[in-house]
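Remarks on the structure that follows.
Letters A, B, ... mirror the listed sequences (proteins, then strands); counts begin at 1.
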2 protein chains.
Amino acid sequence: MGISERKMREREEMKRNIIKAATAMFINEGYEKTSIRGIADKIEYSPATIYLYYKDKDELLYDVQHYGFEQMATLFTEVATDLHPYKRLRQLCRAYIQFGMENSALYDLMFIVKDPMNAINQEDQWTNSVDCFTIFMGCVQECVDKGLIRFPDARLAALSIWGMGHGLLSLNICCRLQIMQLDQAHLNEALYLAVDNYLNMVEIL
Amino acid sequence: MGISERKMREREEMKRNIIKAATAMFINEGYEKTSIRGIADKIEYSPATIYLYYKDKDELLYDVQHYGFEQMATLFTEVATDLHPYKRLRQLCRAYIQFGMENSALYDLMFIVKDPMNAINQEDQWTNSVDCFTIFMGCVQECVDKGLIRFPDARLAALSIWGMGHGLLSLNICCRLQIMQLDQAHLNEALYLAVDNYLNMVEIL
DNA sequence: AAATATACTAAACATTGTTTATATTATTAC
DNA sequence: GTAATAATATAAACAATGTTTAGTATATTT
């Protein structure tokens with residue numbers, strides 16, 4: 001009976017419908033300021049209907065976060081093409097900063113806002129970021145294996161490099177860079193410069 | 001007439017009273033989960049009274065944030081005693097990580113949560129962090145001036161070092177380090193190790 | 001055609017931040 | 001000392017939120 005399959009498909013379609021509206025609103029208005037009623041209005045259903053497809057608002061955000069990591073993984077594979085692992089690492093880092101600067105609101109939901117992490121069950125794992133992390137980690141591992149970067153092991157390398165990139169982006173997104181009085185025009189450059197400078201120091205010549 | 005001075009003092013005392021309760025609750029329950037009614041209950045006043053002393057919840061959080069930076073500045077001055085600027089930089093960085101790990105909830109309000117930044121007027125500046133930043137920036141400047149660290153200028157150096165430290169702390173606080181599957185026991189060590197490793201690379205020998 | 005499951009919604013619930021109108025208290029002016 | 005005035009505090013209301021419940025249509029199965 002293909003009828004239950006059709007129902008399944010309709011259900012998936014409805015979920016996509018909801019996520020599409022939610023994504024747009026979370027990005028444009030922010031997570032907290034977007035109401036379930038608002039999303040319901042946008043898709044022309046009642047608020048209660050959303051709860052037939054998603055347990056709560058956090059679970060909704062979890063799927064939006066997933067969408068964000070899909071975007072990022074696509075960017076990573078498009079951009080990190082160099083066969084030389086260290087050069088590829090540079091490409092990845094630039095892409096990461098670029099993504100964070102061009103999609104600040106989405107980056108916020110992916111890496112800063114805590115609520116989506118509440119949607120993960122105790123026994124489950126956070127799998128949303130796994131594709132992006134695999135790409136990044138693979139590249140770092142190769143760099144370490146071939147003795148291209150100044151790190152004792154790949155784990156520490158990944159932690160440090162990610163830490164640097166995320167630190168710069170999140171200080172900016174959370175408005176804390178204000179204190180540094182950087183002029184807004186060259187802020188972009190400053191972040192890229194910091195990462196470049198870091199990757200230079202990391203490289204074994 | 002000392003009467004208006006007494007009123008001023010009473011007003012300040014009441015504000016301290018409110019902030020004390022708010023700080024405890026924000027740290028223990030989180031900002032979002034703490035209600036004005038809850039704070040009012042704790043200090044045994046009506047909710048509306050709080051609005052006679054603070055414009056809104058964000059302004060309340062702004063003062064709690066200020067308290068956090070006072071704590072951090074105290075730690076900085078206690079700990080960063082070495083006369084050699086590079087060694088002092090190490091002390092400062094260790095203290096920063098220590099503060100972030102031992103006071104995660106407070107660190108969150110100081111550097112991650114966006115709401116306190118809404119309390120700043122358009123024409124005003126974010127002054128809460130100014131003491132801590134001055135200490136840090138002064139140390140970095142001295143390191144650059146004396147040619148102790150591998151940076152073209154102090155601004156870029158400060159941005160990078162802060163970025164690294166904050167990146168590690170905030171990835172942890174925002175639960176995103178989950179993906180790295182670090183065992184919880186050595187997580188602390190890993191962060192210190194990453195920062196140490198970074199400062200080693202930065203040093204000009 | 002009757003019974004059952006599915007999809008949806010209106011209305012209600014409990015909470016939230018914040019405002020308004022009102023009462024109480026302290027200060028000033030006569 | 002008493003009336004006018006300013007301050008402090010609150011109860012009640014407002015508008016909005018996430019979520020649940022009870023009930024109604026619509027499909028599907030028997």
Side-chain angles (χ1 to χ4, degrees), chain A residues 1-19 21-23 25-26 28-65 109 113-119, chain B residues 1-19 21-23 25-26 28-65 109 113-119:
Chain A
M1 44 170 71
I3 197 161
S4 71
E5 290 174 5
R6 196 206 67 215
K7 292 247 160 162
M8 206 79 107
R9 243 179 313 139
E10 281 175 352
R11 199 183 156 75
E12 285 308 309
E13 184 144 351
M14 182 62 158
K15 287 189 86 167
R16 264 198 305 279
N17 190 15
I18 295 171
I19 282 297
T23 305
M25 297 187 74
F26 286 169
N28 294 327
E29 328 281 342
Y31 175 65
E32 299 288 354
K33 283 184 184 164
T34 305
S35 68
I36 299 285
R37 283 173 179 80
I39 298 169
D41 269 11
K42 190 157 183 173
I43 60 172
E44 296 177 299
Y45 279 85
S46 94
T49 300
I50 292 177
Y51 286 90
L52 299 175
Y53 296 87
Y54 285 97
K55 192 174 128 284
D56 54 23
K57 207 185 168 192
D58 291 342
E59 206 180 60
L60 238 172
L61 182 53
Y62 189 81
D63 267 16
V64 173
Q65 190 189 51
L109 303 177
V113 173
K114 283 150 212 82
D115 306 57
M117 310 309 267
N118 300 336
Chain B
M1 48 168 68
I3 198 164
S4 71
E5 290 174 5
R6 195 205 68 217
K7 291 248 160 160
M8 205 80 107
R9 242 179 314 143
E10 281 173 352
R11 199 183 157 76
E12 285 308 309
E13 185 144 351
M14 183 61 157
K15 287 189 86 167
R16 265 198 305 279
N17 191 16
I18 295 171
I19 283 297
T23 304
M25 297 187 74
F26 287 168
N28 295 327
E29 328 281 344
Y31 175 66
E32 299 287 354
K33 282 184 184 164
T34 306
S35 68
I36 299 284
R37 283 173 179 79
I39 298 168
D41 269 11
K42 191 156 182 176
I43 60 171
E44 296 176 299
Y45 278 85
S46 95
T49 300
I50 292 177
Y51 287 89
L52 298 176
Y53 296 88
Y54 285 96
K55 190 174 130 282
D56 54 25
K57 207 185 168 192
D58 291 343
E59 205 180 62
L60 238 172
L61 181 54
Y62 189 81
D63 267 17
V64 173
Q65 189 190 52
L109 304 178
V113 173
K114 283 153 213 78
D115 306 59
M117 309 309 268
N118 300 336

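Toward the 5' end of DNA chain C, the nearer of the two residues Tyr53(A) and Ser35(B), judged by each one's closest nucleotide, is Tyr53(A). Toward the 5′ end of DNA chain C lies the nearest nucleotide of Leu52(A), the other residue of the pair Leu52(A) and Lys57(B) mapping further downstream.
Judged by distance alone, the side chain of Lys57(B) and the main-chain N or O of Tyr31(B) form a donor-acceptor pair under 3.5 Å. No donor-acceptor distance shorter than 3.5 angstrom exists from the side chain of Lys7(A) to the backbone of Gly2(A), with no hydrogens or angles considered.
Residue Asp56(B) contributes atom CG, which lies 17 Å from atom P of dT16(C) at whole-angstrom precision. One interatomic measurement links the two molecules: OH of Tyr51(B) to C1' of dT20(C), which rounds to 14 Å at whole-angstrom precision. The nearest whole Å value for the distance from the CD1 atom in Ile50(B) to the C1' atom in dG17(C) is 11 Å. What separates CD of Glu59(A) from C1' of dG18(D) is a distance of 14 Å, to the nearest Å. Between Glu44(B) atom CD and dT10(D) atom P the separation is 10 Å, expressed in whole Å. Rounding to whole angstrom units, CZ of residue Arg37(A) and P of dT20(D) are separated by 13 Å. In this entry the distance linking CD1 of Ile36(A) with C1' of dT20(D) reads 13 Å, nearest Å. Leu61(B) places its CG atom 12 Å from the P atom of dG17(C), with the value rounded to the nearest Å.
The pair Glu10(B)-Arg6(B) counts as a salt bridge, with a side-chain nitrogen and a carboxylate oxygen less than 4.0 angstrom apart.
Between Lys7(B) and dT8(D), a side-chain N or O to OP1/OP2 separation shorter than 4.0 Å is present. For the pair Tyr54(A) and dT19(D), the criterion of a side-chain N or O lying under 4.0 Å from OP1 or OP2 is not met. OP1 or OP2 of dT28(D) has at least one side-chain nitrogen or oxygen of Arg6(A) nearer than 4.0 Å. Contact annotation: Ser46(A) does not reach the phosphate of dC8(C) (side-chain N/O to OP1 or OP2, under 4.0 Å). For dT10(D), the OP1/OP2 oxygens have no side-chain nitrogen or oxygen of Tyr45(B) closer than 4.0 Å. Close to dT10(D), at under 4.0 Å from its OP1 or OP2, lies a side-chain N or O of Thr49(B).
A side-chain donor-acceptor contact under 3.5 Å links Asp63(B) and Tyr54(B).
Nearest heavy-atom pair, Met14(B) versus Tyr53(B), reported as atom, atom and distance to 0.1 Å: CG-CZ, 3.3 Å.
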